[in-house]
Amino acid sequence: QVQLMESGGGLVQAGESLRLSCAASGVILGINTMGWYRQAPGKQRELVATIAGSGSTNYADSVKGRFTISRDNARDTVYLQMNSLKPEDTAVYYCRADIYDALRRPLDTWGQGTLVTVSS
């Protein structure tokens, strides 16, 4: 089956950086938009950043100028470079991708999440 696997989360101090990765596995025909979401304790899930197949990107206002989303299509992987981290960035970060499987079926695919904790 098609799956997404996130990695790169951890514990850092405010002002430091982390790089998250999300790799798709399985038999995949193609991937359109990929994105990152996050959910902090007691809060609803929010969109962090997306990147379309065209390369067009979109960011939440809270991370604009600090985070950068990119993708490596040869590896079916999307990245999130997070700089100047703040305590309010603490959350579980989830990867999402619009994937077409070998039978050309569209799949709304989510990763299991990776925890990012930023201490002050």
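Any value given below was found using the heavy atoms of this structure, including those in side chains, with hydrogens, waters and symmetry copies removed.
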Scan residues 36-72 for pairs that pass ring-ring contact (aromatic ring centres under 6.0 Å, His included), counting only residues two or more places apart or in two chains.
Y37-W110

I'd like to know if V92 and L47 are part of one continuous hydrophobic network [Ile/Leu/Val/Met/Phe/Trp/Tyr, side-chain heavy atoms within less than 4.5 Å].
yes

With hydrophobic residues grouped by side-chain heavy-atom distances under 4.5 Å, do M34 and L107 end up in a single group?
yes

What pairs with [X] under side chain to side chain contact (heavy atoms under 4.5 Å, CB included), at least two apart in sequence or on another chain?
{"X": "Q39", "value": "R45, Y94"}
{"X": "S120", "value": "P87"}
{"X": "I28", "value": "V2, A24, I31, D76, I99"}
{"X": "S62", "value": "R38, A60"}

Is the backbone N or O of S25 less than 3.5 Å from a side-chain atom of Q3, with the two atoms forming a donor-acceptor pair by type?
no

Hey, is the main chain of G9 close enough, under 3.5 Å, to the side chain of T114 for a donor-acceptor pair?
yes

Please report the C-alpha distance between S119 and V12 in whole Å, then the side-chain angles of each, then the deciding distance to 0.1 Å, and finally whether the side chain to side chain contact (heavy atoms under 4.5 Å, CB included) criterion is met.
CA-CA 6 Å; S119 65; V12 297; over 6 Å; no

Ignoring hydrogens, what is the shortest heavy-atom contact between [X] and [Y]? Give both atom names and the distance.
{"X": "T77", "Y": "A23", "answer": "OG1-CB, 3.6 Å"}
{"X": "T90", "Y": "V118", "answer": "OG1-N, 2.9 Å"}
{"X": "I51", "Y": "R71", "answer": "O-NH1, 3.3 Å"}

Are the side chains of V78 and S70 in contact, using a 4.5 Å heavy-atom criterion?
no

Using side-chain heavy atoms (C-beta onward) and a distance below 4.5 Å, is T68 in contact with L80?
no

Let's go through S17 and N83 carefully: what are the C-alpha distance in whole Å and the side-chain angles of both, what is the deciding distance for side-chain hydrogen bond (donor to acceptor under 3.5 Å, both in side chains) to 0.1 Å, and is it a yes or a no?
CA-CA 4 Å; S17 299; N83 298 327; 2.9 Å; yes

Partners meeting side chain to side chain donor-acceptor pair (under 3.5 Å) with [X] (sequence neighbours left out):
{"X": "R96", "result": "D98, D108"}
{"X": "S7", "result": "none"}
{"X": "E16", "result": "none"}
{"X": "D101", "result": "R105"}

salt_bridge(K86, D89) N-O dist < 4.0 Å:
no

Worked verdict on L18 versus V116 for side chain to side chain contact (heavy atoms under 4.5 Å, CB included):
CA-CA 9 Å; L18 281 175; V116 173; 3.9 Å; yes

Other residues, nucleotides and ligands only: do more than 12 of their heavy atoms fall within 6.0 Å of CZ on R75?
no

Which residues satisfy the ring pair (Phe, Tyr, Trp, His ring centres under 6.0 Å) test with Y79, sequence neighbours excluded?
none

When clusters are formed from ILVMFWY side-chain contacts under 4.5 Å, directly or step by step, what else is grouped with Y100?
L29

For residues 21-34, which residue pairs qualify under salt bridge (charged side-chain N to carboxylate O under 4.0 Å, His left out), counting only residues two or more places apart or in two chains?
none

Run the side chain to side chain contact (heavy atoms under 4.5 Å, CB included) check on R19 and M82 step by step: do they pass?
CA-CA 6 Å; R19 181 179 172 88; M82 304 185 294; over 6 Å; no

Please round to the nearest 0.5 Å and tell me the distance separating atom OG1 of T50 and atom CG of N58.
4.5 Å

Let me confirm one number: the CG-CD distance from L115 to E6, rounded to the nearest 0.5 Å.
11.5 Å

